[in-house]
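Here the structure comes first, spelled out in structure tokens, and everything after it is commentary.
Computed over heavy atoms, backbone and side chain alike; hydrogens, waters and symmetry mates excluded. So you know, we letter chains A, B, ... as the sequences are listed, proteins then strands, and number each from 1.
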Amino acid sequence: MHEETATETSALVDATDQSSEEHRLVEEDVSRGLHYWIHPRVWLPPLVAFGLLALGWQLYAVHNRFIIPTVPQILTQLVDHPGLFWRNLLVTLQEAVVGASIGMLAAFVLAMGMCQVRLVERALMPLAVMINVTPIIAIAPVLVLAFGFGMTPKYIVTAVIVFFPFLINSLTGLRSSDPQAHDVFTTLHASKWEILLRLRLPSSLPFLFAAARICVPLSVVGAVVAEYVAPGKASGLGSLIETAMSLSDLKTVYASVLVLALLGIGLSAVVVVLQRRLLGWHQTAPRRP
Amino acid sequence: MGLDVLGVSKTFDTRKGRVAALRDVSLRVGRGRFVSLIGPTGCGKSTLLRIVAGLVEADGGTVSIFGEPPERATAAKHVGFVPQSPALLPWRTVLDNVRVPFQVNRKADSVLGRRFRDPVEVLESFGLGDVLHSRPDQLSGGMQQKVAIARAFVFDPSILLMDEPFSALDELTRERQRHELLDIWQSDQKTVLFVTHSVPEAVALSDAVVVMSAQPGRVRAVIPVNLPRPRGELVEATDVFHDLERRVRSELRVAWNDNHA
Ligand SMILES: Nc1ncnc2c1ncn2[C@@H]1O[C@H](COP(=O)(O)OP(=O)(O)OP(=O)(O)O)[C@@H](O)[C@H]1O
Ligand SMILES: [Mg+2]
């Protein structure tokens, strides 16, 4: 049954791929290297989308000069102060990456515990839900009180934001393994840990990557929120936005937003590349265009 | 010695009430014998196989695998299980899939006198020498099923349990697989309990066909198959074969009528 639906879906995927022959050719090009990126099919669609967005923005901006800056103004701001944006970008990047790593690792370890021992799930799941529904904005100032103005409260806020989605996905993934494969392991008298390591963990990878694609960009949001509510040394793109806002410096605000967007896209791309590398065996692995 | 099932019963509690999956089922598979289980759907074939494999606990009765209860037999890696779907690990190559039995429950391997097989040799003897390093999803369904059988063969268990291993294959592939399995079995004469829905498959492979009826699941008849071995594909064209097929079919019909009377 399972297998049948799987083949059906992959047949569907193949059908929508226009021609899988052509698809394979492109795939081969990829392994040859840079070649791939030169292909207009790869960079043209997003470029057109961004171009249209910029055009729309510009049209609106020229008629509303006091509300939003024009595209050239934003770009000029970036070019004029590269150091400022770069410095703050690095701070936010560090907060996002460290915070997300801590949050995702903690969530995964907890999910493994929950998967192995039902009691752990029963005991800790309500707590995890509680953490998830706590308005992080409300407790961030308390975190600053407890941990000072350094990076720690920001790591915590970011980690908390990614924690729950990653926990639920990890748990689902660890439980998604093929029950008949589970039977095979059981008749070999494999231990619970052997089953976890050799069956459940690899089976969970597609779910972990799906979660990472949500959580990693989310961690950027987390970092910015943390900078807002727990300003600390007043660095990072979130703090920059807040300061610029109070000075009505809209050019800096929107330039920061643009840098944030680029940061999010960059981090997502890293996840996609890792997913493609590690998950070639799975049909959810992203395909080349 | 071999597999002895004595008075095994099993009732499942479901939301719709109690299902008597098996009532007082007894059968035996002598050492080196190939026995098939056949019967209408829901008659408890899989349940019986899972009880023997130690995956489900019986409510009553005893199961003895070469003198050991299922729990002890699996702990010693004496049981090879081939599920209905190949259940291969998609992230591993064919060869690494067949190595799984060596990578878990290592304690059982230190027992003296075990003759493990070389996974490469087993796969080659199964005609899978060319795909050792392929991923399962690059293989046809029939080849995947052979890998699953190889995975159960490779650690030389004393009994092989197979639950409709060929049910997902098309008729011709199925026939070919049947005879390949016969060849493999011939060279090795393992003790096998084999669940199937196909009458010719049961007759061609087995030393005895156990016909079950449903609700509650019980043994309706045991039909010995005295066809000479080794059996080639031609055996299926003989009159004796057809007679046996007819006998199994008529028992099946009675079993089926039992449910729908
Ligand atoms: N885990 C379970 N929980 C509840 N009922 C079950 C369970 N497993 C099996 N049953 C019930 O027990 C009966 C026997 O099921 P089983 O799967 O053993 O039949 P089967 O002979 O293998 O059927 P098929 O030929 O369709 O594979 C069925 O009525 C089924 O609904
Ligand atoms: Mg069944």
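Of all the heavy atoms in B:A87 and A:A181, the pair that sits closest is CB-N, 3.5 Å. Scanning all heavy atoms of the two residues, the minimum distance from A:A190 to B:V104 falls at CB-CB, 3.7 Å.
The number of heavy atoms from other shown groups lying within 6.0 Å of CZ (A:R175) is above 12. Within 6.0 Å of atom NZ in A:K192, more than 12 heavy atoms from other residues, nucleotides or ligands are found, so the atom counts as buried in its surroundings. The local environment of CZ in B:F116 is crowded, with over 12 non-hydrogen atoms from other residues, nucleotides or ligands closer than 6.0 Å. Within a 6.0 Å sphere centred on CZ of B:R92, other residues, nucleotides and ligands contribute more than 12 heavy atoms. No more than 12 heavy atoms of other residues, nucleotides or ligands sit less than 6.0 Å from atom CZ of B:R33.
With a 4.5 Å cut-off on non-hydrogen atoms, A:L199 touches chain B through its backbone and its side chain both. Neither the backbone nor the side chain of A:S191 has a heavy atom closer than 4.5 Å to any heavy atom of chain B. No part of A:S177 comes within reach of chain B, as not one of its non-hydrogen atoms sits under 4.5 angstrom from that chain. Using a 4.5 Å cut-off between heavy atoms, B:Q138 does not touch chain A at all.
No side-chain heavy atom of A:D183 sits less than 4.5 Å from a side-chain heavy atom of B:P83. Between B:E71 and A:H189, the closest side-chain pair of non-hydrogen atoms falls below 4.5 Å. Counting only heavy atoms from C-beta outward, the side chains of A:L279 and B:W91 never approach each other to under 4.5 Å. Residues B:V100 and A:F185 meet the side-chain proximity criterion, which asks for heavy atoms closer than 4.5 Å. Within the 4.5 Å cutoff, the side chain of B:Q103 has heavy atoms near those of the A:R198 side chain. Residues A:D178 and B:S85 meet the side-chain proximity criterion, which asks for heavy atoms closer than 4.5 Å.
Side chain of A:Q180 to main chain of B:P86: no donor-acceptor pair is present (N/O by atom type, distance under 3.5 Å, no hydrogens or angles).
Taking OG1 from A:T187 and NE2 from B:H78, the interatomic distance works out to 13.5 Å, rounded to the nearest 0.5 Å.
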*Report the C-alpha distance between A:L188 and B:F155 in whole Å, list the side-chain angles of each, state the deciding distance to 0.1 Å, and finish with yes or no for side chain to side chain contact (heavy atoms under 4.5 Å, CB included).*
CA-CA 10 Å; A:L188 289 163; B:F155 61 104; 3.5 Å; yes

